[in-house]
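All remarks here apply to the structure that follows.
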Amino acid sequence: MMRALRIEELGQPNKVLEVVDVPVPDPGAGQIAVRVLGAALNFPDVLMCRGSTRYAHRCPSRQASRCAVRSPRSARAWSILRWGARVLGSPALPSGGFAQFALMEASDAHPAPAALDDAQAASFWIGYQTSWFALHRRAALQPGETLLVHAAAGGVGSSAVQLGKAAGARVIGVVGGGEKAVFARELGADIVVDRHTEDFVQVVKDATGGRGADVIYDPVGGDTYDRSTKCIAFEGRIVVIGFAGGRIQSAALNHALIKNYSILGLHWGLYKSKIPGLMGECHEVLSQMAQDGVAVPLVSERVGLEQVPDALQRLGDGSTVGRVVMVP
């Protein structure tokens with residue numbers, strides 16, 4: 001038996017998640033069973049609890065962490081990783097990763113960078129992959145360009161700041177509050193905007209001589225997206241990462257035409273089926289960046305399994321900073 005989080009009904013994470021004893025899962029064909037060393041909390045985990053949009057799933061179910069670090073306990077159809085190796089990737093659903101043991105598809109398991117500890121490695125997979133694909137595959141960010149990152153102190157936003165700096169861009173980070181502003185500066189943002197007291201549109205215009213940002217990284221959506229169109233540069237690119245703000249905006253395509261900017265969507269998980277192998281190539285690049293100290297997740301909290309429901313609630317409410325990781 002093992003301890004794991006289970007959800008019996010949909011609702012707010014701190015109301016519907018509970019820790020229960022369940023059997024240790026056995027791997028099926030093409031899967032590996034792993035001991036969880038760390039599982040990062042992600043906003044889609046909150047959406048799963050709430051039953052929002054494409055993240056809805058049947059209840060009861062064990063809650064799934066979208067990013068986790070594990071070390072194989074048993075393996076089938078896996079010859080690259082040695083027995084007991086430290087790996088990272090996404091857990092097999094519906095059992096998920098907020099547990100002492102979990103299952104992974106063997107093809108989804110990748111070596112954890114040696115330079116990162118367990119909590120950092122747990123935070124590495126989805127966040128940095130998302131930002132790498134957004135900035136390089138979709139937006140083709142170039143050295144010397146200006147990158148505007150919304151939610152720059154959050155899980156994916158913080159990785160975008162680091163990868164943007166590594167690409168030679170000038171990074172403007174937008175955050176909500178003084179504590180998050182300090183965090184964004186620590187990440188390396190050249191300019192930090194506290195949206196509670198400053199207008200990011202005006203800051204971007206002032207910083208670029210009125211030209212605007214070349215690339216805008218937007219995991220927030222809603223009003224944040226609408227205002228971002230006021231400070232996008234000629235031939236700029238807005239990358240839509242998600243809608244953490246709660247409202248899914250409608251794009252004014254006549255405005256995009258008049259101002260000559262592009263609106264780019266990113267569904268990172270789709271690359272697994274559309275271009276197999278590209279995630280692995282990206283992981284090799286990012287692992288070297290981690291080894292070089294360029295891409296290192298900043299973990300603000302390490303919580304136990306019992307504290308995950310409250311921590312997820314705080315993440316959903318927007319009061320966490322950086323990465324929060326469950327360490328069993």
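The analysis underlying the following values was restricted to heavy atoms, covering all of them including side chains, and did not include hydrogens, waters or symmetry mates.
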Run the salt-bridge test on [X] and [Y] with the 4.0 Å N-O cut-off and return the result as yes or no.
X	Y	answer
D117	R302	yes
R237	E145	yes
D199	K230	no
D194	K180	no

Determine whether [X] and [Y] make a side-chain contact, defined as any pair of heavy atoms from C-beta on separated by less than 4.5 Å.
X	Y	value
L5	V19	yes
Y225	I263	yes
L147	Q142	no
V87	H110	no
Y271	R137	yes
K15	C49	no
M104	S90	no
V285	H136	no

When you measure from the side chain of [X] to the backbone N and O of [Y], does any donor-acceptor pair fall under 3.5 Å?
X	Y	result
D218	I216	no
N14	P309	no
S158	G322	no
Q162	V296	yes
S159	S131	no
Q307	G304	yes
S273	L270	yes
R138	G265	yes
D206	V203	no
T320	R314	no

Criterion side chain to side chain contact (heavy atoms under 4.5 Å, CB included) on L41 and E301, from CA distance to verdict: CA-CA 10 Å; L41 282 61; E301 296 182 58; over 6 Å; no
Quickly, which of F243, Y217, F200 forms a ring pair (Phe, Tyr, Trp, His ring centres under 6.0 Å) with H150? Name it, please.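 With H150 as partner, ring pair (Phe, Tyr, Trp, His ring centres under 6.0 Å) holds for just one option, F200.
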Trace of the side chain to side chain contact (heavy atoms under 4.5 Å, CB included) decision for M326 with V36: CA-CA 9 Å; M326 185 276 288; V36 179; 4.3 Å; yes
Let me confirm one number: the OG-CD distance from S262 to E235, rounded to the nearest 0.5 Å.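 Interatomic distance, S262 OG to E235 CD, rounded to 0.5 Å: 8.0 Å.
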Nearest 0.5 Å, please: how far is CG in L286 from CG in D292?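 Taking CG in D292 and CG in L286, the distance rounds to 11.5 Å.
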Set out, in order, the CA-CA distance, both residues' side-chain angles and the distance that settles side chain to side chain contact (heavy atoms under 4.5 Å, CB included) for D226 and R247, then state yes or no. CA-CA 11 Å; D226 294 341; R247 180 174 70 85; 2.5 Å; yes
Minimal non-hydrogen separation, [X] against [Y], with atom names:
X	Y	answer
G96	P91	C-CB, 3.7 Å
L135	G164	CD1-N, 3.9 Å
D190	A169	OD2-O, 4.0 Å
P113	S287	CG-OG, 3.7 Å
W132	L163	N-CD1, 3.5 Å
P13	V46	CG-CG1, 4.1 Å

hydrophobic_cluster_shared for [Y] and [X], side chain cutoff 4.5 Å:
X	Y	answer
V239	I126	yes
V156	V299	no
V220	V149	no
V327	F124	no
V321	V325	no

Tracing side-chain links under 4.5 Å among I, L, V, M, F, W and Y, which residues wind up in one group with L257?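 Via sub-4.5 Å side-chain contacts, L257 links to I258.
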For V192, what are the other residues in its hydrophobic cluster, where any two members join if their side-chain heavy atoms are less than 4.5 angstrom apart?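 Members besides V192, by chain and number: V175.
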Could you walk me through whether I191 and R170 pass side chain to side chain contact (heavy atoms under 4.5 Å, CB included), step by step? CA-CA 8 Å; I191 299 172; R170 183 189 191 190; 3.7 Å; yes
Aromatic ring pairing W125/H283, orientation class (parallel under 30°, perpendicular over 60°, tilted between):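 It falls in the perpendicular class, over 60°.
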Counting only heavy atoms from other residues, nucleotides and ligands, does the tally under 6.0 Å from CD of E18 exceed 12?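 Atom CD in E18 is crowded, with more than 12 foreign heavy atoms closer than 6.0 Å.
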Under a plain distance cut-off of 3.5 Å, with no hydrogens placed, do Q100 and R35 share a side-chain donor-acceptor pair?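 No.
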